[in-house]
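First the structure, in the form of structure tokens, and then the observations on it.
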Amino acid sequence: MLNIASLPGDGIGPEVCDAAVRVLDALPIDVVVEEHPFGGRAIHEHGDPLPAETLAACRTADAVLLGAAGLPEFDGAPVRPEQGLIRLRGELDVYANLRPARGDGIDLLIVRELVGGLYFGASGRRADGSAYDTCEYTPAEIERIARRGFELARTRRSFVTSVDKANVLETSRLWREVVSGLTGDYPDVRLEHMLVDNAGMQLVLDPAQFDVILTENTFGDILSDVAAGSCGGLGVAASASLGERAPGIFEPVHGSAPDIAGQGTANPTGALRSVALLLRYAAGEHDLADQLEQAVDTALSTTPTRDVGGTATTVEFTDTVLSVGFR
Ligand code: NAD
Ligand code: IPM
Ligand code: MN
């Protein structure tokens with residue numbers, strides 16, 4: 001029995017989570033999905049984007065399925081939906097954010113550090129009107145994500161590109177030192193270092209050169225949208241956020257897409273590929289994950305949504321995925 005806490009959240013989050021739950025219900029395994037308030041909707045109902053009840057339910061689940069957090073009405077507000085997402089990642093200590101990008105000769109995996117750096121450093125406003133965010137990393141925080149990156153590379157083409165800004169940032173120089181110091185433990189994995197500005201350009205011009213991209217929190221956020229852009233856009237990009245133990249968080253890379261929310265046209269591919277990652281990493285159901293990924297590829301070519309050049313609705317796309325059937 002697989003217990004899944006579903007946090008649909010805001011904007012198109014509920015639309016793509018509905019698609020994910022339809023697919024989960026169609027699988028030949030026992031799955032229980034329970035929905036919980038999260039994001040802007042939870043601020044409205046409970047005054048908190050991550051209510052205590054939601055966090056408690058996530059802790060006891062086998063996996064967390066997440067839609068999106070963020071509503072324009074909360075831009076600049078003291079309590080914001082995105083704070084709930086960042087807090088949930090920290091509370092569950094899901095430090096390894098896997099963001100695969102596939103398509104047209106491209107098959108890369110971004111391994112993004114998810115619970116450190118600028119997102120978790122001291123920040124605020126000063127009396128003089130200035131604002132600050134601070135980026136810190138400990139060697140231990142870098143080592144655990146780097147080991148994840150090397151180990152994942154071993155299951156792929158054994159090539160790690162560690163991305164940093166070591167020509168400017170002290171945290172990046174520490175990052176590079178720690179990553180380089182681990183090569184003795186992974187002699188079979190080729191390691192290269194690349195500065196983040198160049199990495200952004202390389203992802204646009206020649207994404208096929210990459211296998212695993214290992215990087216810190218902020219760089220990974222930006223580069224994963226760039227990589228998605230080279231593979232069909234944000235609608236198709238999935239992610240898995242993993243710690244040392246369950247539960248992991250499985251969510252599309254995209255946000256709440258307020259510009260198309262409520263129209264029923266959101267591409268559920270990112271969410272469905274996140275379900276495939278859930279099947280792989282939370283349930284060990286690799287065969288079902290393969291079947292789901294193939295069914296999604298089929299739907300992308302036969303029943304594409306608007307963002308990828310078609311006219312299908314979210315429901316029609318999902319119908320095609322379901323029509324393939326799972327064994
Ligand atoms: P976004 O990812 O929501 O949208 C960017 C563009 O991509 C939009 O034009 C949108 O229509 C399109 N798009 C995204 N997903 C799509 C899909 N599944 N199908 C079709 N088109 C899709 O990014 P944004 O506009 O920068 O952010 C909107 C809000 O979402 C903000 O509040 C932001 O903080 C939040 N956000 C949340 C998450 C998350 O919850 N993990 C991730 C990113 C952004
Ligand atoms: C993502 C999002 C989040 C991030 C925001 C919404 C906090 O952009 O998951 O990529 O920056 O990590
Ligand atoms: Mn992002």
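In listed order, ligands and their atoms are each counted from 1.
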Verify the contact flag for [atom], where contact means a protein heavy atom under 4.0 Å away.
atom	value
atom 15 (N) of ligand 1	yes
atom 27 (O) of ligand 1	no
atom 40 (O) of ligand 1	yes

Looking only at protein heavy atoms, which one is nearest to [atom], and how far off is it?
atom	value
atom 11 (O) of ligand 2	Tyr119 OH, 2.6 Å
atom 6 (C) of ligand 2	Glu82 CG, 3.7 Å
atom 1 (C) of ligand 2	Arg99 NH2, 3.4 Å
atom 2 (C) of ligand 2	Asp221 OD1, 4.0 Å

Test of proximity, Arg89 against ligand 2: N or O pairs below 3.5 Å: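 There is such a contact, yes.
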
May I ask you to list the atoms of ligand 1 that are less than 4.0 angstrom from any heavy atom of Pro258?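 Contacts of ligand 1 toward Pro258, numbered from 1: 28 (C).
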
Look at the aromatic rings of Tyr137 and Trp175 and report parallel, tilted or perpendicular, splitting at 30° and 60°.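 Taking Trp175 first and then Tyr137, their aromatic rings stand perpendicular (interplane angle over 60°).
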
Any Arg190 side-chain heavy atom under 4.5 Å of Asp211 side chain: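 Arg190 vs Asp211: side chains apart.
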
Asp93 vs Glu244 side-chain heavy atoms within contact, under 4.5 Å: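 Result no, sub-4.5 Å side-chain heavy-atom pair not found.
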
Please classify the Leu85 to ligand 1 contact at 4.0 Å (heavy-atom distances, strictly less than): side chain, backbone, both or neither.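 Answer for Leu85: side chain.
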
Quick check with a 6.0 Å cut-off and a 45 degree axis cone: is Arg144 positioned over the face of Tyr95's six-membered ring?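 Yes; both conditions hold, so Arg144 lies above the ring face of Tyr95.
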
